[in-house]
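Input: a single structure, listed below in structure tokens.
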Amino acid sequence: MSSASRPPGDTATAGVAPQRSDRSPWNWLLLVGIVLPLLVPIYNRIEPTLFGWPFFYWFQLVLVAVGVLTTSLVYRATRRGSADRQAARDAVARDQER
Amino acid sequence: MGGINTVELTIVVVLFLLVTVLGFLASRWRRADNLMHLDEWGLGGRSFGSWITWFLLGGDLYTAYTFVAVPALMFGAGAAGFFAVPYTIVIYPLVFLVVARLWSVSHVRGFVTPADFVRSRFDSPTMALLVAITGIVATMPYIALQLVGIEAILKAMGVNGDLPLIIAFVILAIYTYNSGLRAPALIAVVKDALIYLTIIVAVIVIPSKLGGWGAIFGAAEEKFSAGAGVILPATGQLGYATLALGSALALFLYPHSITGVLAASNRDVLKRNMSALPIYSLALGFIALLGFMAIAAGVTPIGTDGNTIVPVLFQQMFPSWFTGVAFAAIGIGALVPAAIMSIAAANLFTRNIYKEYLKKDATPQQEAKVAKIASLVVKLGAVLAILGLNPQFSIDLQLIGGVIILQTMPSVALGLYTRWLHRGGLIAGWFAGMATGILLVYNIPKLNPDGTVAREHFGGSAFALSKFGFDTKLAVYAGLIALLVNLVVTLAVTAVLRAMRVPDGVDGTAESDYTAEREDPTVRDLPDPLESVPPGLEGGARAGR
């Protein structure tokens, strides 16, 4: 492992690293999952009940699904191409073989 | 209670032995050729894929204490206890982008702890030390509280004395020492299988025995009819939302969460996990409602220990053998986070105190050795704390823990986005936020149901705004107020220091570090901060080389 590690000083720095951006308009969608659960007055009520559950409880579990949906959407929309992702997986596999 | 329940105890002991074997075998898992390196012992080789990361972070964030204390809170306080659900919904979109940036910069620069990052980013060993100390202090009582979870099941089984607790923790300490982060990662899989099995059975069996969900909510409605029933009183809504938000902001600042994040093998793994982890939140929602089921079932806690209501409920509802499985789930659920937390605290001590101040030229082997010993000391401390001190002390400390860990937010989280904040401003802000937070929590009384004061100090985390002179019954999470003070001071002092042109040090990171991917040449497979000092650090404390 030590023989494989890069030389001291590490020449591969800012100049070599690819410039990427994690900005995307899709990221705004994340706000839905943050803001909605904090708006307590909209769900602090008993009616309508569902299977005997007051609204307060079942709606917050629905919000879990909303959170999953929005983060998954943002992930799908902003993830890199399959070739790039494969490259990352290859890098993991390569490192493990050392 | 009348004696020990042998069926339950046998099943718990057998399952406990199973995970112990797993814990020891974990050191051979994914064959690390050399565990004597902090990246291997303390971060599992930074190689965990989506599934393992999901189990590890799940075991890390949703602890046994949560499983025991959240229903206990619902049992005692009603709807307010359900804050754990919005808390764990909000968190993932909140940190979705942030953890990926932290992962990238840490992999490029070889950071093992959040304090490593702060040290390099702001060129400030002092702020790094503050982050490290905050992390250790906030984590210690959290570990101790995991023992409270184990204690609750031992009490319910009729096992008395401290010896079983000590044995459980000694075994945990040995295999963590031996296998590092790989042990909790592997055990987390078993823990989750047991937890999900227990919950699924519980939500099917218990309501049918109690006459349906309507009856369960009805019983809770009746118990809390003096207040707002099963929903929040109008004045409780702001406290509910701010506690959820504040707790969410705090969670990924805890060292053990960051350890779990850094152990992931690439950015994709983390992002995918941010959308898959909420499945635990769904489970947590059902777990919280166990508190209402206990009300409907007429459960009375053992002695005055409210944390025993879930174990007692299981005993009333399940046959002994399944109660044993459920108890094992809680017990093993305590071991996983306790192991990760002790590893995280050990990493902090090693990297930011030992190596920074005690032995600057420590080799990777020495670092790993020190971390392993530190993890033993941390667990010993937790056991002594539970045995020697009133458990209430740990609960108080854990309450403060959330408030104080939030004070590292400007340097650790905002630092991932901006270098504008001045190290002097961050330090001043930390002290201001810390003082405010502790003062606020100290001044929160605990009230009896009839409104009289049960305890004058450390009675909760919701600070009544009326104490500031506002004419209102609203309360706000104390941690958020402290964070606000922290941010204002940080920004103000930064502005002054920048205007005075006080040197702000050299940024040890580059802009492109924050979006680096696994395959990039800059990302090291096994970063060794000793062999390759990141640019910008040459002038720092490691200049001896």
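Letters A, B, ... are given to chains in the order of the sequence lines, protein chains preceding strands, and every chain is numbered from 1.
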Region of [X] that comes under 4.5 Å of a non-hydrogen atom in chain B:
X       : answer
A/Thr70 : neither
A/Asp90 : neither
A/Ser21 : backbone
A/Tyr75 : both
A/Tyr57 : both

Under 4.5 Å, counting heavy-atom pairs only, tell me which of A/Leu36, A/Thr78, A/Asn44, A/Leu38 racks up the most with chain B. A/Asn44
Would you kindly say whether B/Arg109 and B/Thr509 are connected by a side-chain donor-acceptor distance under 3.5 Å? no
Show, in sequence, the C-alpha distance, side-chain angles and deciding distance for B/Val98 and B/Leu102, and conclude whether the side-chain contact (heavy atoms from CB on, under 4.5 Å) test is met. CA-CA 6 Å; B/Val98 183; B/Leu102 181 65; 5.6 Å; no
Stepwise, does the side-chain hydrogen bond (donor to acceptor under 3.5 Å, both in side chains) test hold for B/Ser104 with B/Arg267? CA-CA 7 Å; B/Ser104 287; B/Arg267 281 169 69 100; 2.8 Å; yes
Here's a test for you: under ring-ring contact (aromatic ring centres under 6.0 Å, His included), which of B/Phe217, B/Tyr240, B/Phe292 qualifies with A/Phe56? B/Tyr240
Counting only non-hydrogen atoms closer than 4.5 Å, does [X] touch chain A with its backbone (N, CA, C, O), its side chain (CB onward), both, or neither?
X        : result
B/Phe82  : both
B/Asp268 : both
B/Ala79  : both
B/Arg101 : side chain
B/Leu277 : neither

Near B/Glu222 CD, under 6.0 Å, is it more than 12 heavy atoms from other residues, nucleotides or ligands? no
With a 4.5 Å cut-off on heavy-atom pairs, point out which of [options] contacts chain A the most.
options                      : answer
B/Pro93, B/Pro278, B/Ala248  : B/Pro93
B/Gly229, B/Ala241, B/Pro207 : B/Ala241
B/Val230, B/Ile279, B/Leu245 : B/Val230

Qualifying side-chain hydrogen bond (donor to acceptor under 3.5 Å, both in side chains) pairs with a residue from residues 80-95 of chain B, counting only residues at least two apart or across chains: B/Tyr62-B/Tyr92, B/Thr88-B/Ser281
side-chain contact (heavy atoms from CB on, under 4.5 Å) against A/Arg20, all qualifying residues, sequence neighbours excluded: A/Pro18, A/Arg80, B/Thr515, B/Glu517, B/Glu519, B/Asp520
Please test B/Ile287 against B/Leu290 for side-chain contact (heavy atoms from CB on, under 4.5 Å), starting from the C-alpha separation and ending with a verdict. CA-CA 5 Å; B/Ile287 291 171; B/Leu290 290 175; 4.3 Å; yes
Aromatic plane relationship, B/Phe286 with A/Trp53 - under 30° parallel, 30 to 60° tilted, over 60° perpendicular: perpendicular
